[in-house]
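Let me begin by presenting the structure, written as structure tokens, before commenting on it.
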Amino acid sequence: MHIDHIGIAVANLDQAIRTYEIILNQKLIKTETVESEKVETAFFETGESKVELLGPTDASSVIQKFVDKKGEGIHHVAFEVYDIHKEMERLRGEGFTLLNEIPKQGADNKLVAFVHPKDNHGVLIELCQSQP
Ligand code: ZN
């Protein structure tokens, strides 16, 4: 449908929030912790898309590992879909590697699933579907 958000991995979420409040000239909408991923998120609204800052809540966080390995920067691009189950099935059929067997509960009240970056020219892609 459209780019729902761009996920940016940061080392220090509070610092990054201050930076993005200046860049975007607005206050953040909300922060939310995804316990299962040990990630704290902060959202900004930019038209129909959002910026999702991702900070680690501890050293074993996937975001900490990402930052250690690659440094801060774009972590994933999220596309909103109508039917995440259908899209996962379609992409599996096309030979893409899905990182989730079934959609999981993500931040921002979405069902999410990730497509491996090796299949997407180096970009981790998130499929997300809003829940009622
Ligand atoms: Zn995301």
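Every number for a ligand or one of its atoms is a count from 1 in the order of the listing.
- An angle of 170° is found at the Zn ion (ligand 1) between E52 atom OE1 and E126 atom OE1, rounded to 10°.
- Centred on the Zn ion (ligand 1), the NE2 atom of H5 and the NE2 atom of H76 lie at an angle of 110°, reported to 10°.
- When distances to the Zn ion (ligand 1) are checked against a cut-off of 2.8 Å, C128 contributes no N, O or S atom below that limit.
- Only one option out of L54, I6, V123 pairs with H76 in a side-chain contact (heavy atoms from CB on, under 4.5 Å); it is L54.
- Side-chain contact of E52 with H75: a donor-acceptor pair under 3.5 Å is absent, judged by distance alone.
- K118 and T97 are linked by a side-chain donor-acceptor pair at a separation below 3.5 angstrom, with hydrogens and angles left out of the test.
- The closest donor-acceptor contact from the side chain of T41 to the backbone of E32 lies under 3.5 Å.
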